[in-house]
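Worth saying up front: this structure is predicted, and the values here are computed from it rather than measured. Lettering follows sequence order; numbering is per chain, from 1.
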2 protein chains.
Amino acid sequence: MKRSIGAKTVLYPTPVLVVGTYDAQDRPNATTAAWGGICCSKPPCLSVSFRAATMAHSNIMARGAFTVSIPSDGYVREVDYFGLVSGRDADKFEATGLTPVHSAIVDAPYVGEFPLVLECRVLHVHELGLHTQFIGEIVDVKVEGECFDEAGELDAGRVASFFYAPQDGNYYGKAVRIAKAHSVGRDIKDAAE
Amino acid sequence: MKRSIGAKTVLYPTPVLVVGTYDAQDRPNATTAAWGGICCSKPPCLSVSFRAATMAHSNIMARGAFTVSIPSDGYVREVDYFGLVSGRDADKFEATGLTPVHSAIVDAPYVGEFPLVLECRVLHVHELGLHTQFIGEIVDVKVEGECFDEAGELDAGRVASFFYAPQDGNYYGKAVRIAKAHSVGRDIKDAAE
């Protein structure tokens with residue numbers, strides 16, 4: 001039996017996007033966003049949303065670029081901290097000991113220690129209400145060598161990402177492969193034909 | 001050491017959104033989308049992207065409404081099938097035996113068996129390239145009673161959602177709680193102050 005909980009922003013999973021930007025003094029900032037995801041295949045784009053009051057918002061508006069670093073679950077503490085504090089009040093890279101790496105192709109830094117990095121330049125800015133949605137064209141993706149399997153294929157399990165659960169208020173990780181996509185449902189298709 | 005894999009749509013996790021719509025003959029359709037997520041807190045909104053060639057795209061354009069049903073991992077086979085076949089070629093509810101439930105508040109059906117349902121009306125349509133991004137205002141959320149814990153709080157673990165891994169091509173699930181959000185990184189904040 002379903003129960004209404006009202007008009008809430010609840011969806012599982014929501015990603016843990018660590019968004020890297022520079023401020024006007026070229027200081028690197030990293031913050032978290034759960035409101036975002038891939039939104040177009042060609043051009044390859046992702047979206048990420050920020051409130052106008054945030055430093056990430058100002059930085060992206062000024063520079064027209066950002067990165068998204070996907071952390072592995074060993075960094076959950078540092079990532080949570082990134083979301084707790086404003087870059088206006090602290091040097092978050094210094095506080096965590098993580099490394100801001102200057103992207104060679106967009107005007108933004110990424111987190112050197114995190115396994116998966118998307119470098120983006122802003123294509124569109126959509127004012128939606130409390131949040132502004134930035135559509136970034138993904139101009140390159142960089143992945144740690146240890147995330148590829150023996151056949152050279154990217155293995156999401158080795159990225160060891162985790163997710164944020166709105167309402168619930170926890171991070172969840174250690175997900176395991178449960179089925180092959182575009183395959184496990186094929187018998188229903190065959191039976192129906 | 002990071003390796004460039006080019007400009008690809010790869011992000012972990014991407015959600016498994018089962019999008020429900022009606023066609024011009026009021027036939028219910030369900031299909032999958034991994035390109036989407038929450039995008040604004042006020043008004044509460046989510047985005048989902050479809051290619052113009054899809055039935056979901058035509059249906060959402062015509063009706064201005066859709067639902068998102070989040071499946072639990074016991075339905076991975078049915079969900080994969082939803083993404084393998086067009087609603088133009090098959091009655092996907094009939095083929096899977098799943099139940100289209102007419103939303104009482106938006107002009108779209110949802111999947112009765114799935115634990116978490118978001119009912120949306122279209123606020124914005126953004127042409128991004130191959131995909132059109134639909135911004136839906138979340139007008140209500142419905143959750144199965146078994147997804148609440150003893151204290152009456154929503155427990156993401158009981159929803160048992162799974163995710164899709166682009167490039168990797170698998171579904172991942174059975175994620176477990178690894179840390180409390182807005183909490184586990186607090187010691188870094190305290191130490192830096």
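Options A:Gly129, A:Ser41, A:Gly83 differ in how many heavy-atom pairs under 4.5 Å they form with chain B, and the most are formed by A:Ser41. Between chain B and the residues A:Ala156, A:Ser4, A:Ala165, A:Ser161, the most heavy-atom pairs under 4.5 angstrom are made by A:Ala156. Considering only heavy-atom pairs separated by less than 4.5 Å from chain B, the leading option among A:Ala192, A:Gly169, A:Gly112, A:Ser49 is A:Gly169.
Heavy atoms of B:Val68 lying under 4.5 Å from chain A belong exclusively to its side chain. With a 4.5 Å cut-off on non-hydrogen atoms, B:Leu17 touches chain A through its side chain but not through its backbone. Heavy-atom distances place no part of B:Tyr75 under 4.5 Å from chain A, backbone and side chain included. Both the backbone and the side chain of B:Glu144 come within contact range of chain A, with heavy atoms under 4.5 Å apart. Looking at B:Asp187, only its side chain comes within 4.5 Å of chain A, counting heavy atoms on both sides. Only the side chain of B:Val85 comes within contact range of chain A, judged by heavy atoms closer than 4.5 Å. Interface remark: B:Leu84 contributes backbone and side-chain atoms alike to the contact with chain A (heavy atom separation under 4.5 Å). Proximity to chain A (any heavy atom under 4.5 Å) is restricted, for B:His124, to the side chain, taken from C-beta onward. When heavy atoms are compared at a cutoff of 4.5 Å, B:Val48 does not approach chain A at all. Of the atoms belonging to B:Ile135, it is side-chain heavy atoms, and not backbone ones, that fall under 4.5 Å from chain A. Looking at B:Val159, only its side chain comes within 4.5 Å of chain A, counting heavy atoms on both sides. At a 4.5 Å heavy-atom cutoff, B:Phe50 makes no contact with chain A through either its backbone or its side chain. Contact of B:Ile178 with chain A is made through backbone and side chain together, with heavy-atom distances under 4.5 Å.
Contact check on B:Lys180 versus A:Asp168 returns no salt bridge, with no Lys/Arg side-chain nitrogen under 4.0 Å from an Asp/Glu carboxylate oxygen. A salt bridge links B:Asp73 to B:Lys174: one of the charged nitrogens lies within less than 4.0 Å of a carboxylate oxygen. Note on A:Arg158 versus A:Glu150: salt bridge recorded, some NZ/NE/NH1/NH2 to OD/OE distance being below 4.0 Å. Under the 4.0 Å criterion applied to side-chain N and carboxylate O atoms, A:Asp140 and B:Lys2 are not assigned as salt-bridge partners.
Using a 30° and 60° split on the angle between ring planes, B:Phe134 and B:His57 fall in the perpendicular class, above 60°. Ring geometry for B:Phe163 against B:Tyr12 counts as tilted: the plane angle lies between 30° and 60°, on a 0 to 90° scale.
Cation-pi geometry between B:Arg177 and A:Tyr171 is not met at under 6.0 angstrom from the ring centre and within 45 degrees of the axis. Taking the centre and axis of the six-membered ring of B:Phe148, the NZ or CZ atom of A:Arg3 falls inside the cone set by 45° and 6.0 Å.
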Q.
One pair to check against ring-ring contact (aromatic ring centres under 6.0 Å, His included): A:Tyr172 and A:Phe162. What are the steps and the verdict?
A. CA-CA 6 Å; A:Tyr172 286 77; A:Phe162 54 102; over 10 Å; no
Q.
Before you tell me yes or no, could you show the steps for B:Arg88 and B:Thr54 under side chain to side chain donor-acceptor pair (under 3.5 Å), namely the whole-Å CA-CA distance, both residues' side-chain angles and the distance that decides it to 0.1 Å?
A. CA-CA 9 Å; B:Arg88 296 200 179 88; B:Thr54 61; over 6 Å; no
